[in-house]
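Here is the structure we will look at.
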2 protein chains.
Amino acid sequence: MNLEIGPINKSSLSKQVADQLQEAILEGTLKADDRLPTEDELAQRFQVSRPTIREALKRLAAKNLIRSRRGPTGGSFVNHLGKNELSEHLTTASTLFVSMNQVSLDEISATRLEMESYCFRLASQHRTDEDVELLKQHLTHQKNRNISPEEFCAADVRFHRAIADASHNKMLSFIMYTLIEALQPVSNMIAYRFRERDIITSQHERIFNAIHDQDANLACAILAEQIDYLQQLHEDARASHQA
Amino acid sequence: MNLEIGPINKSSLSKQVADQLQEAILEGTLKADDRLPTEDELAQRFQVSRPTIREALKRLAAKNLIRSRRGPTGGSFVNHLGKNELSEHLTTASTLFVSMNQVSLDEISATRLEMESYCFRLASQHRTDEDVELLKQHLTHQKNRNISPEEFCAADVRFHRAIADASHNKMLSFIMYTLIEALQPVSNMIAYRFRERDIITSQHERIFNAIHDQDANLACAILAEQIDYLQQLHEDARASHQA
DNA sequence: TACGTTAATTTGTAATACAAATATAAAATA
DNA sequence: TATTTTATATTTGTATTACAAATTAACGTA
């Protein structure tokens with residue numbers, strides 16, 4: 001005779017606590033930089049033990065919703081979640097998706113061509129002087145042959161993100177961050193040779209000039225060229241890998 | 001005299017453990033449905049206590065990377081992360097971003113028009129009979145006036161996702177899921193009135209027919225119409241809210 | 001006033017015990 | 001013998017307690 005009536009608490013306590021706190025953050029009851037009660041207080045309020053509270057907090061920390069500090073002024077604080085703060089999410093989600101779902105380079109390339117072209121059109125229209133300046137800086141850094149492959153990739157990401165930001169459409173920019181992350185494996189491929197690096201950066205320079213001159217069509221054409229080039233490289237690598 | 005040399009372990013133990021396990025999952029050492037060692041074993045291997053291991057596991061659970069079950073055959077198992085499994089991430093990330101960064105409806109609408117139009121073009125080309133059948137089901141369900149507002153929204157999400165999937169570009173589909181989530185507030189707005197619901201569903205029906213007939217241009221035109229309509233509704237709501 | 005020391009607060013980690021769920025094997029019953 | 005029930009072992013879930021580490025604030029001293 002199972003007479004349990006009402007909503008049965010099937011999930012674990014730590015998850016229930018985490019969900020309630022997340023709800024509070026989402027609906028604005030807990031605002032950015034607000035300090036949560038101490039773990040002991042939370043334990044009392046929710047009527048659970050401190051380890052349970054901690055597991056709940058770690059769940060939120062994994063989602064980058066909160067941060068923790070020790071000491072008298074310490075505690076758990078709500079994070080302000082902008083594009084950059086949320087990007088870690090997207091990074092892992094995007095990377096996982098690409099690596100676990102056999103997404104072909106063709107699919108990624110086609111999506112990129114479509115979306116980044118749209119960015120170029122918007123960026124050509126709406127770019128400010130600050131946008132141009134920022135792009136210039138990233139480009140200059142990427143041109144430097146002394147930086148490591150990892151740093152080259154990071155600079156590449158920054159360049160593409162800056163273009164997305166230059167569209168001045170926050171939603172588009174946010175989504176582009178996901179896509180840019182998916183392209184990292186390809187970027188990794190070319191980061192180790194100066195020849196390929198130079199070709200990419202020179203293409204970036206031409207794209208930069210086109211956007212600076214507000215010539216979206218030209219920028220898109222160069223993008224198509226770059227994507228073709230990357231796919232060719234990928235094809236070659238695959239061929240030589242078989243041999 | 002702080003002589004600590006080498007990479008300093010700044011982050012907490014539970015985070016370090018979580019990162020190592022995540023790395024193993026990401027690089028394929030731990031594959032989908034693999035069972036992790038028991039918490040006691042993990043505690044011994046990492047030379048930390050069981051609560052620490054548990055905090056690490058909860059971090060991964062929050063990211064939906066693992067699931068846990070009790071009992072003899074229980075333990076923690078690696079999740080297979082497809083679009084649907086990762087969607088919870090995107091849901092929260094996207095919802096948070098929209099709610100915390102003052103993304104305007106204009107920005108969302110413009111992005112949606114561009115990207116969903118691309119989906120329509122691809123879907124018109126590549127749709128299979130199964131795609132059509134699935135869309136038909138979702139549409140039929142959404143037309144039913146007896147379903148609750150919540151169920152209406154859910155059906156709306158399914159319909160748009162199905163169209164994205166019909167593009168047969170997994171990368172695009174994945175990204176679209178993020179965007180569809182961002183549209184939920186708007187969808188919520190219209191879910192409570194039959195008049196608005198009927199208008200939306202009739203537009204969906206026309207879009208469905210257009211894709212069925214492989215007429216991408218028509219589908220895109222109806223989409224533009226729908227987006228205009230939603231923006232108009234939003235504008236009206238804002239105006240009456242001021243008064 | 002300036003500076004070092006101490007104390008208080010809060011998270012981080014550990015150890016241990018027990019509860020709850022669940023599958024497997026054993027035992028009792030028809 | 002077949003089937004159901006019962007015990008039992010395993011593993012996660014939760015609670016309790018204690019202490020370590022970090023960090024700030026207050027205090028005392030030169």
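Every chain is numbered from 1 and lettered A, B, ... according to where its sequence line falls, protein lines coming before strand lines.
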Exercise for the section: Compute the ring centroids of B:His160 and B:His204, then answer whether they are less than 6.0 Å apart. Expected result: yes
Practice task
For A:Ser94 and A:Thr178, test the side chains for any donor-to-acceptor distance below 3.5 angstrom and give the result as yes or no.
Solution key: no
Practice task
Would you kindly give the CG-to-C1' distance between A:Leu36 and C:dT10, to the nearest whole Å?
Solution key: 14 Å
Practice task
For A:Glu39 and C:dT10, give me the distance from atom CD to atom C1', rounded to whole Å.
Solution key: 8 Å
Problem - B:Thr128-B:Asp131 side chain donor-acceptor pair, cut-off 3.5 Å - result: yes
Exercise for the section: Quick one: label A:Arg67 by what it contacts on the DNA or RNA (base, sugar-phosphate, nothing), any heavy atom closer than 4.0 Å. Expected result: nothing
Problem - Outermost nucleotides of DNA chain D that come under 4.0 Å of a non-hydrogen atom of chain B - result: D:dA9 to D:dT14
Exercise for the section: Answer yes if the side chains of B:Ser14 and B:Arg59 hold a donor-acceptor pair under 3.5 Å, and no otherwise. Expected result: yes
Problem - Pair A:Asp165, A:Tyr177: side-chain N/O donor-acceptor within cut-off below 3.5 Å - result: yes
Problem - Which atom of B:Ala62 lies closest to which atom of A:Ala62, heavy atoms considered - result: CB-CB, 4.1 Å
Practice task
Take the protein atom CZ of B:Phe77 and the nucleotide atom C1' of C:dT22, then report the distance between them rounded to whole Å.
Solution key: 12 Å
Practice task
Taking only heavy atoms on the protein side, list every residue of residues 48-60 of chain A lying under 4.0 Å from any atom of DNA chain D, sorted numerically.
Solution key: A:Val48, A:Ser49, A:Arg50, A:Pro51, A:Thr52
Practice task
First locate atom CG of B:Leu230, then atom CD1 of B:Ile108, and finally report the distance between them rounded to the nearest 0.5 Å.
Solution key: 11.5 Å
Problem - Atom pair CD1 (A:Ile25) and NZ (A:Lys63), whose distance is rounded to the nearest 0.5 Å - result: 9.5 Å
Completion exercise
For B:Gln142 and B:Asp156, the nearest pair of non-hydrogen atoms, with its separation, is NE2-OD1, 3.0 Å
Problem - Whole angstrom value for the distance that separates P of C:dA15 from CD of B:Gln44 - result: 11 Å
Practice task
Just report the end-to-end axis angle for the helix from C:dT1-D:dA30 to C:dA30-D:dT1, five pairs per end, to 10 degrees.
Solution key: 10°
Handout entry: Atom-to-atom span, CZ of A:Arg69 to C1' of C:dT9 - whole angstrom
Key = 13 Å
Exercise for the section: Using atom types as modelled and distance alone, determine if a side-chain donor or acceptor of B:Glu55 lies under 3.5 Å from a backbone N or O of A:Lys58. Expected result: no
